[in-house]
Amino acid sequence: LTDREYYMREAKTCHIELYHEKVYAHSGVPTGDLRAGSSVTFDFGNHYVGSVTLDIRSAGSHQDAPALIRIRYCENRRELEQDPESYEGWISKGWIQEEILHLDVLPGTVCTGRRYAFRFVKVDVIDTSSKFGIVIDDIHADTVTSADDAHLPAFEGTQMEQDLARVSCRTLRNCMQEVFEDGPKRDRRLWLGDFRLQALANSVSYRNDALVRKCLYLFAAVADEKGRIPACLFLRPAIEGDDTYMFDYSLFFISVLKHYVEVTGDKKSGKDLWKRAVQQWELAEDFFENNIVQPGREIGWCFVDWNLDLDKTAAAQGIYLFCCRELLRLGHLLFADDAKAGCTRGEVQAADEDTDAYMQQQEDVMDGRGWAMLRDEVERRLARRREAAADTFYDPFSRLFTSGPGRQISVMSQAWCVLGGVIDPADGAKTLRRILEDGNALQPVTPYAYHTLIDAMLLCGMRREAYQLMISYWGSMIRDGADTFYELFDPSDPDTSPYGSCIINSYCHAWSCTPVYFMEHFRLREGEL
Ligand code: RAM
C-alpha cells in the first residue's frame, strides 16, 4: 500500500451517517396568484442546509408561456437585502445562492436538488404572461447534516450563554456534512484551519469523533510527494487536495491530531498519522532563515485572519512555536508509555498485514530516530526560535510585538506570540491588555481570529476579560439576529467583506462556533469566573 492508499482506506472505515429531515416554511405561503414582478419570501424559522421543493400551479387562462422565476436562498435578512446583480468581487459569482428557472408545464414540482444554506427562500416571478399567474401551494426542504442533535448535552447558564451555545452548535451542525465543511454556502469543503476549531467545539457538543478521524485521514491521504498537507481538499469528482498550501494550516494538522488523541485516547490512529504530523513540522524549515520565519512569495502563504492589511510574519512565528509545543504533547501522549515499557513504534500491535508493513515504513521515515531524539530536537528548535522571536519582534519601547519591515502592530501578532510562549503568561497578560487598549492597532475581522485572541487571554489567566470579549463579540451577532455565526464580523462595520461584497460572505461559518468550547471546556461562564 502507498501512503495515500493506506490513509484513504482508513478514512473509508469511518462511518458517517447523514441525517435527513423534512421541514416546512413557518411563514410566507401566499394566498393569491403571483404575477410578473411580484415576489414572496418564505421563512423557515431557523438556518438549514438542504434542497428545497416547491409545488407550483398556474392560475387564470391556460398557461401560454413559460413561467420564468428566480429563487434566492438566503442565510439571513442581510443577505436577503443584497442585490446579486451588483456583485463584482474577486471570488466566483457561482456561490451566490440563486436559480433562474423556466417552468414550461404547470402544475409541477420544482426541485433542482442542489444543496443550499438558508433560512429564507425568496421567489421572484420574473415573467408569466398577461393571461396567467402562478400559485405556490407547498414549499418544504429536505435538510441534511451528519450531526445528531440527540448527542447534545443540556447547556446551562445565563440567557446569553445559552444563546451562544445554541447558535454555536447550530453553526457547527450545519457545517457537519460528509466532512467538516467551512461553510455550507461557501466554500463547502474541508479547510484545515477551520477544521481545527470545529474539532474543539465538536469535542464538547456532538462528539462525532468518527468525522474528526475521517478528516484527519483524508488530509493525510492528500499530502503531496514531500508529505505537505494542503490547506483544503475536495471530495468530488474524486478526493483531491487543493494546490494551495499555507504555512499555518499545514502546521495545524499537528494540533488537530493532538486534540483528537487527547479526547478519544485513540493512539492507534495517532501513531498512524504521527508521520504526517512530524512532516508538517519538518517542512516548516523551508520558511526559516536565522530562526525567523520568512514570508512566502504568494499572498496566501499564511492565513491568520481575513484582515488584508495584516503582516503575518510574527503571527506565523507564534503559530510555529505553538505547534512545536503541540507536537511535543502529541509525542508524549503517543510514546511516553512505549518508552517506559522499552518498546518502539515498530512493535505497536498492528491490525493486519498491510498495517504491519505500513508501520514498518513509518519507522523508516522517522530516520530511525526514536521519540526521545525527536523530542530533543523539537525542544532545541523551539528554544532557539522563541529567543529569536523575542529579539526580532518584541519592541521594548512599546512593549508590544511588531511584524514585518513596517513594524506593524496588530492584535493577531500579540495573540500568537503569547500562545507561542515568546513571553510568559504574566507578561502576556500585560501585552494583551496593552493591545486591547491601543486604538491604533490593526484589528482582527473574523471569529476565527477572535478565537485565537480569547485563547491567548485564557492562557494568561484573563478569564473575566476573555468572558466579556466573548459576550460582546459573539453576543453582537446574537443581537443581530444570528441563527448561526458568521464567517466575518466586524462590529464597527457589519458589511465588511474581503471578497468585494458581503453577498458572497458565509453566514454559517464553522470557525465561528467556539463559544460553546470556551464555555464548556474552560468553564468560561459568568458564574465561574
Ligand atoms: C475562506 C474559507 C475558509 C478559510 C479560507 C482561508 O475563504 O471559507 O473558511 O479557511 O478562506
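Treat the numbers as computed from the prediction; the structure is a model and nothing was measured. Every number for a ligand or one of its atoms is a count from 1 in the order of the listing.
- Side chains of Tyr486 and Arg78: no donor on one and acceptor on the other come within 3.5 Å.
- Nearest to atom 5 (C) of ligand 1 by heavy-atom distance, out of Tyr499, Tyr448, Trp191, is Trp191.
- Heavy-atom contacts of Trp306 reach the following atoms of ligand 1: 1 (C), 7 (O), 11 (O) (cutoff under 4.0 Å).
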Evaluation steps, ring pair (Phe, Tyr, Trp, His ring centres under 6.0 Å), between Phe522 and Tyr517: CA-CA 7 Å; Phe522 290 100; Tyr517 172 70; 5.7 Å; yes
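- Ligand-side atoms of ligand 1 in range of His509: 3 (C), 8 (O), 9 (O), range being under 4.0 angstrom from any heavy atom.
- Looking from atom 2 (C) of ligand 1 to the surrounding protein, the closest heavy atom is Asp182 OD2, 3.2 Å.
- Every atom of ligand 1 is numbered from 1 in the order shown, and the set under 4.0 Å from a heavy atom of Glu487 is 1 (C), 8 (O).
- Arg119 and Thr484 share no donor-acceptor pair across their side chains, judged by distance under 3.5 Å alone.
- Near Arg186, meaning under 4.0 Å from any of its heavy atoms, are these atoms of ligand 1: 1 (C), 2 (C), 7 (O), 8 (O).
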Verdict with reasoning, Tyr73 to Arg114, per side-chain hydrogen bond (donor to acceptor under 3.5 Å, both in side chains): CA-CA 11 Å; Tyr73 304 84; Arg114 186 169 189 264; over 6 Å; no
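- Distance from atom 10 (O) of ligand 1 to its nearest protein heavy atom, with residue and atom name: Asp194 OD1, 2.5 Å.
- Given atom 6 (C) of ligand 1, the protein heavy atom at minimum distance is Tyr249 OH, 3.6 Å.
- Remark: the Asp248 side chain and the Tyr320 side chain contain no N/O donor-acceptor pair separated by less than 3.5 Å.
- Asp305 and Thr446 are linked by a side-chain donor-acceptor pair at a separation below 3.5 angstrom, with hydrogens and angles left out of the test.
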